[in-house]
Amino acid sequence: MNSRIIKSGFSFLIIAFQFAYAAQLNAQLSPGDLAQVHAELEGISNCTQCHTLGEKISDDKCLTCHENIKSLIDRSKGYHASRTVRSQECIDCHSDHHGRKFDMIRFDTEDFDHDLAGYELTGAHANLECAECHKREFIEDSELRKTDETYLGMGTECLSCHEDFHQSTLSTDCISCHDTQAFRPAELFNHAQTNFPLIGQHETVDCASCHEVTSRNGRDFQEFGGIAFENCTACHDDVHEGRFGTDCTQCHTEESFHTIAGRTSFDHNTTDFPLRGQHQRIDCASCHDANADAENVFQEFTHLDAINCMNCHDDVHESRFGTDCSSCHNEVSFQDVSGLEDFDHSLTSFMLEGKHIEVDCRACHETKMTDPLPHDQCISCHLDYHEAQFNQTNNIPRDCSECHTVEGFAGSSFTIEQHNTGSFVLEGAHLATPCFACHLKDDKWIFRWIGTECIDCHKDIHEGKLSEEYYPDRRCESCHNVDVWTSIDFNHSLTGFDLEGAHLTTTCTACHLDEEKFDRIEEQSFTGLGTGCAECHVDEHHGQFDLDGSTGCIRCHSPQHWKPSDFDHNTTRFVLDGEHIQVACEDCHKEVTTDRTTYTIYRIDDFECATCHQ
């Protein structure tokens, strides 16, 4: 029991001694308690958080914790980056171990050089207390905003501390207009540098006259942005009620509305009467009363439904051509008639139609435009192209309109029905024949005395090749008709050579055109032809049956066909009898070839049996 009490007492002494030794050791190593902001670093185990063994306090270790200060120094910004402060060590200003209540950030706010912080205090800023600007709500960094008693994190832009009076309607570069002395007036603002420099009377106008003071979002607000100024009527009432457009500067200046100094620059084209030609050189007062009041000035013509030349000028044509003078005249000169292409010719007694529309006025009106012109007939202006060919009895000319139209002289409206009332009725192929085929001779149109016979137009291809007894007076209709030239109606029996058999279907050219010499139908010959077969046909028997100089084909052949249907062998020198009657012709009559010509021997002079039979 006593031994346990002794052991317990000894243990207590040992523990008490350890605490006493630790307290004595700590007192020997630490010069004092850390400030409240560093209290968490208290104790021997944390010394190296700030101290380097065997060395003095390390700035690098300070900046390891104070990252915001390090960031500013690295960017050469803020108070600690200034030349005066950067050369010092942290401990020169911020020593510790002076007790928990020691204030480590100590400087005289009255003598603090704010320029070293990178923001010079000028104007009204120089008279402010530090706390008026260094407020928690003005700190931009959300993490720094949680820190007590910091001067870091402040912006340098005006709107980082001040409310935006203009409520985002203008640039955020406040110092382009304002200085630090006072918000009003905006001493740095120069209206001449805006899109609307102030000139004349505008220089004396109070700002609020154009920039209205109102309320927006529950605060006073004055509109400076988005003010319309493209034209005067954006601010001023238009006493002319839009009659002269919106560009007031054409007549007025900024010196005085009542001084009309810009009449020469007024764009009259904005009115219902643009000025052209001589009108551009006329003084305004020649047409307008410049002394009228503003509401009525230049309004002399507004009551008119339409403005025309007769409102000011006399009508020298006495209304004969209507009231639209511009259809002929222009503003350059009344005598210079250059607008005739728009003149309504139907106002005269001669309406322009067809090709007449395209004709230049001077082609007809060689003197004054208003001088009367005869226009009862086409030849009043046009030459008679047909040179009186169509003149009536007593040499009275017919009007061209009987055959032609104003759409063009080329072509004719003369019909076949009208043609058939004349001396030559169109029939057959003539109905499809173009006019020029008969009436255009040597590039000249002829309509009179061109003849009515075929040979008056057509070439007589039979001339000298056909006896006139077959076409008296060379009248083609003796054989031909007007429907088809190749359709022939000729009585061949008149020639002494009746057409029979196969001759009835043979073409004329087969007998009347020597195709070995000619290939044109015009070379047909109808004279000097014999009637013998050999005149047209080749003697295939090579003269074997010639009799007194004649082949005498008809003794064996007929016009119906070439095969000899009338030949009787018994009329020859060798009568067929017995077995000879059954023998084929070619068994006795053999083919031979001489001079590259093959033919059959029909004329046999030797009738001995041995000649044929071996």
*Asks:* Which residues satisfy the side chain to side chain contact (heavy atoms under 4.5 Å, CB included) test with C361, sequence neighbours excluded?
*Replies:*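 Expected list: L340, M369.
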*Asks:* Would S423 and T452 count as a side chain to side chain contact (heavy atoms under 4.5 Å, CB included) here? Give the steps.
*Replies:* CA-CA 8 Å; S423 59; T452 58; 4.3 Å; yes
*Asks:* Are side-chain N/O atoms of S550 and D548 paired as donor and acceptor at under 3.5 Å?
*Replies:*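 Side chains of S550 and D548: no pair found under 3.5 Å.
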*Asks:* Between E358 and K355, is there a donor-acceptor pair closer than 3.5 Å when you use the side chain of the first and the backbone of the second?
*Replies:*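 No, because the side chain of E358 does not come within donor-acceptor range (under 3.5 Å) of the backbone of K355.
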*Asks:* Please tell me whether D606 and T611 have a donor and an acceptor in their side chains that are separated by less than 3.5 angstrom.
*Replies:*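 The answer is yes; a qualifying pair exists.
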*Asks:* Roughly how far, to the nearest 0.5 Å, is the NE2 atom of H268 from the CZ atom of R276?
*Replies:*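 Going from the CZ atom of R276 to the NE2 atom of H268 covers 11.5 Å.
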*Asks:* So K444 and E387, do their side chains get closer than 4.5 Å, heavy atoms only?
*Replies:*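 Sidechains of K444 and E387: in contact.
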*Asks:* Rounded to the nearest 0.5 Å, how far apart are SG of C511 and CD of Q524?
*Replies:*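 Here the rounded value is 10.5 Å.
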*Asks:* Just list the side-chain donor-acceptor pairs under 3.5 Å for residues 591-601, sequence neighbours left out, or say none.
*Replies:*
unit_1, atom_1, unit_2, atom_2, d
T593, OG1, T598, OG1, 2.8
T597, OG1, D595, O, 3.4

*Asks:* Quick one about H202 and E254 (side-chain donor to acceptor, distance below 3.5 Å, no hydrogens or angles considered), yes or no?
*Replies:*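 No donor-acceptor contact under 3.5 Å links the two side chains.
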*Asks:* So T246 and C232, do their side chains get closer than 4.5 Å, heavy atoms only?
*Replies:*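 Not in contact.
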*Asks:* Strictly by modelled atom types, are T495 and H492 linked by a side-chain donor-acceptor pair under 3.5 Å?
*Replies:*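 On atom types as modelled, these side chains qualify, holding a pair under 3.5 Å.
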*Asks:* Decide yes or no for D605 and R573: does some side-chain heavy atom of the first lie under 4.5 Å from some side-chain heavy atom of the second?
*Replies:*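 Sidechains of R573 and D605: in contact.
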*Asks:* Tell me every residue that passes salt bridge (charged side-chain N to carboxylate O under 4.0 Å, His left out) with E540, counting only those two or more places apart in sequence or in another chain.
*Replies:*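 E540 satisfies salt bridge (charged side-chain N to carboxylate O under 4.0 Å, His left out) with no residue once adjacent residues are dropped.
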*Asks:* Sequence neighbours excluded, which residues qualify as side chain to side chain contact (heavy atoms under 4.5 Å, CB included) partners of P372?
*Replies:*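 P372 satisfies side chain to side chain contact (heavy atoms under 4.5 Å, CB included) with no residue once adjacent residues are dropped.
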*Asks:* Scan residues 396-413 for pairs that pass side chain to side chain donor-acceptor pair (under 3.5 Å), counting only residues two or more places apart or in two chains.
*Replies:*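 Matches after skipping sequence neighbours: R398-E402, D399-S401.
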*Asks:* Not counting sequence neighbours, which residues clear salt bridge (charged side-chain N to carboxylate O under 4.0 Å, His left out) with K441? List them please.
*Replies:*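 In terms of salt bridge (charged side-chain N to carboxylate O under 4.0 Å, His left out), with neighbours along the sequence ignored, K441 is linked to no residue.
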*Asks:* Would you check if the distance from the ring center of W445 to the ring center of H439 is below 6.0 Å?
*Replies:*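 They do not qualify: ring centres at least 6.0 Å apart.
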